[in-house]
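Encoded as structure tokens, the structure appears first; notes follow it.
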Amino acid sequence: MSIPLPLPSGKGRSQASLPPPRQSGLQGTLSALIEKSRTLNDLLQVHAVLLRRGLHQDRILNFKLQRAYSSLGCLDNSISIFNCTLDPDVFNWTAIIHSHAQLGLHDRAMVYFVDMLCSGIYPNAFTFSVALKSAPVKSGKPLHSLAFKLGFYSDLYVETGLLDVYARTGDVASAKKLFDEMDQRSLVSMTTMMTCYAKHGEIGNAKFLFDEMPDRDVVCWNVMISGYAQNGFPNEALLMFRRMLSDAKMKPDEVTVLAVISACGQIGALETGRWIHSFIENNDICINLHLGTALLDMYSKCGSLEDARLVFERMTDKDVVIWNSMISGYAMHGFSGHALETFDEMLRAGMKPNDITFVGILNACSHTGMVQEGQNLFYMMKSKYGIEPKVEHYGCLVNLLGRAGHLEEAYNIVKGMNIEPDIVIWSSLLGACGLHNDLVLGEEIAELLIKQNQMRSGTYTLLSNIYANSGNWVEVARIRSMMKSKGVEKEKGCSSIELDNTVHEFLAGDMNHPKCQEIYSMLEEINGWLRAAEDYEPQTNKVLHDLGDAEKGQSLEVHSERLAIAFGLISSRPGTTIRVVKNLRVCPDCHEVCKVISRVTGRKIIMRDRNRFHHFVDGCCSCDDFW
DNA sequence: ATAGGGTTAG
């Protein structure tokens, strides 16, 4: 959108600096009443009085009504009041721009801003800061230079607004340049600069600025905490949250707990998540839809679908996001029946599914090998709901077909896609080749990826597993040296378990835990159970996930997931569920071992791997060995 | 008056 340059004349300027028209006693009383109105009902009553007294064209009263209505979310009322205001002034215009911007209706906000300039109304600094909020990428800078031309040079509001534009468009360099040149700083401008850093992964710079701030309010703590949570540093997010409570004695609000809950979900820290949930309830923080969705997601990522469902059922007025979240929750646990039922429930409730809904249900189908159902849903998505499939949807379909052994069909889908297949799709196909021992297709794909320079640590491992499955150790060694020469490191397997609000992490063969001795004697005891188990046979040839082949046979016993489980067994009461989170896929051998452990100890083991959950109960896994 | 928030395949 271009900003017209019929600049307001001097006339506009003088209008803005005129003193506001004096209010009579009645107007004064009414305006105080408007400001005191806390509920829509109060406001409607005052509004009715105002109309009866024939004051419906009053600029000042209407400005206050506009502001009050838009803070209650009644945009329509705000618009109709604006429309009946005689000669709206800069305040009326700015308020109507602001109400649209607040609700994310940025296009409409910009239209009003342009209309305002065209009607010869002279904007003030606040108008610019509000308009900048809605400015599309291209007109952010022209708007700023317009503000300069009109004399708002080095105005803190305008500059902070521009910083926000840079933050949204990802222009960190320009933001930093402007920020360094600003001759005054405020809490808000520093927070905006932090946001800019945090949104673009420069979390260290955000923290540097945070440490420099003379005063910190709840918003700036929130930026820091959510910055950590959204950049994959959930532990740091929790650490900052604790500091916020203990050192700064700051009262967290609903935005703070939102970020913290998301961090708990990432770590899989159920106890901590439950603690935050009760903290929310004890501190009268209202569980709105955003917060409810975050809680639901946290519970399903921490392995407690029961709690997730409880939160889901307590939310009235569900939107598409929370429905999606519930469906994805069931999907990642492999409960595809529940996922599909929830989808039906959603349709019956009159909710329109979106692209993310379909990622959820397609994913559910692929986790349980529901090929026919999944294919039907994929085609229905376009024909019945008009949703164009994206790379994620193709990913689900390819995964579904590939894992069920329809490799040819899966490959044809990839070749026939009208979008570029990404590394995820190729990895999924490569994984399927390993699962079904298709060496030919596997090599074809690998060759393609090598040519396009797309090989990653994970794809090398998949390829190496294909060769290992067929016992081709020469090729395995060749891939290993290829990785070495290219400097590609194999991602280390790491498993964690939470006990007494502390997350304990284990690497394969880890000897660093204080309870190391007891853990290793527990492993010995487990080995005894395994020797006695008739249904267990070590699967040495499939185990190249974490370790070099030299230690292959023996090293199975010290895989990270086994250390974490052993620690769980010795540190928690008999009968309690053991919850483990692993950063890679669970190894096929450990998967068998978990079954045995669950049978011998009568414990439930819930394990989250890179892709999904496994619930081991009494010698069986919920995934039915299809994963 | 300006800054911060929920769901997405392997």
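It should be emphasised that the depicted structure is a prediction, and the values quoted were computed from it without experimental measurement. Excluded from the calculations below are hydrogen atoms, water molecules and symmetry mates; all remaining heavy atoms, backbone and side chain alike, are included. The sequence lines fix the lettering, A, B, ..., with proteins before strands; numbering per chain opens at 1.
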Scan [range] against DNA chain B and write down, sorted by residue number, each residue with any heavy atom closer than 4.0 Å; if none is found, say none.
| range | value |
| --- | --- |
| residues 310-319 of chain A | D319(A) |
| residues 190-198 of chain A | T191(A), T192(A), T195(A) |
| residues 289-299 of chain A | L289(A), H290(A), T293(A), D297(A) |

Minimal non-hydrogen separation, Q266(A) against G232(A), with atom names:
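Reported closest heavy-atom pair: OE1-CA, 3.9 Å.
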[X] [atom1] to [N] [atom2]: how many Å, rounded?
| X | N | atom1 | atom2 | value |
| --- | --- | --- | --- | --- |
| L258(A) | dG5(B) | CG | C1' | 5 Å |
| M213(A) | dA3(B) | CE | C1' | 9 Å |
| I225(A) | dG6(B) | CD1 | P | 14 Å |
| R403(A) | dG10(B) | CZ | P | 7 Å |
| R612(A) | dA9(B) | CZ | P | 13 Å |
| L400(A) | dG10(B) | CG | P | 11 Å |
| K64(A) | dA1(B) | NZ | C1' | 13 Å |
| N611(A) | dA9(B) | CG | P | 9 Å |

Check side-chain hydrogen bond (donor to acceptor under 3.5 Å, both in side chains) between [X] and all other residues, then give those that pass, not counting sequence neighbours.
| X | value |
| --- | --- |
| R314(A) | E281(A) |
| T459(A) | none |
| N611(A) | none |
| Y330(A) | R309(A) |

Can the ring centroids of F82(A) and W93(A) be said to lie less than 6.0 angstrom from one another?
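Yes; W93(A) has its ring centre under 6.0 Å from that of F82(A).
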Between [options], which nucleotide has the shortest distance from any of its atoms to the side chain of [X]?
| X | options | answer |
| --- | --- | --- |
| H98(A) | dA9(B), dG5(B), dA1(B) | dA1(B) |
| N124(A) | dA1(B), dG5(B), dA3(B) | dA1(B) |
| I356(A) | dG6(B), dG10(B), dT8(B) | dT8(B) |
| D217(A) | dT2(B), dG5(B), dA3(B) | dA3(B) |
| V321(A) | dT7(B), dA1(B), dA9(B) | dT7(B) |
| V219(A) | dA9(B), dT7(B), dA3(B) | dA3(B) |
| C396(A) | dT8(B), dT2(B), dA9(B) | dA9(B) |
| H367(A) | dG10(B), dA9(B), dG5(B) | dG10(B) |
| Q230(A) | dT2(B), dA9(B), dG5(B) | dG5(B) |
| V359(A) | dG10(B), dA1(B), dT8(B) | dT8(B) |

Counting just side-chain N and O atoms, does [X] come under 4.0 Å of either OP1 or OP2 of [N]?
| X | N | value |
| --- | --- | --- |
| H393(A) | dT8(B) | no |
| K133(A) | dA1(B) | no |
| N363(A) | dG10(B) | yes |
| N399(A) | dG10(B) | yes |
| Q102(A) | dA1(B) | no |

Under the rule for ring-ring contact (aromatic ring centres under 6.0 Å, His included), what residues qualify as partners of H98(A), not counting sequence neighbours?
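Result, ring-ring contact (aromatic ring centres under 6.0 Å, His included) vs H98(A): F126(A).
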Sequence neighbours excluded, the answer for salt bridge (Lys or Arg N to Asp or Glu O under 4.0 Å) partners of D215(A) is none
cation_pi(R216(A), F210(A)) dist<6.0 Å, angle<=45
yes
Could you walk me through whether Y394(A) and F378(A) pass the ring pair (Phe, Tyr, Trp, His ring centres under 6.0 Å) test, one step at a time?
CA-CA 9 Å; Y394(A) 281 110; F378(A) 183 86; 5.4 Å; yes
Using 30° and 60° as the class limits, which term best fits the ring planes of Y122(A) and F152(A): parallel, tilted or perpendicular?
tilted
For [X], which contact category applies under a 4.0 Å heavy-atom criterion: base, sugar-phosphate, or nothing?
| X | result |
| --- | --- |
| V391(A) | base |
| N288(A) | base |
| E159(A) | nothing |
| D155(A) | nothing |

Output all residues satisfying side chain to side chain contact (heavy atoms under 4.5 Å, CB included) with [X], sequence neighbours left out; order by chain, then residue number.
| X | result |
| --- | --- |
| S71(A) | none |
| F148(A) | H144(A), Y153(A) |
| S428(A) | V398(A), N399(A) |

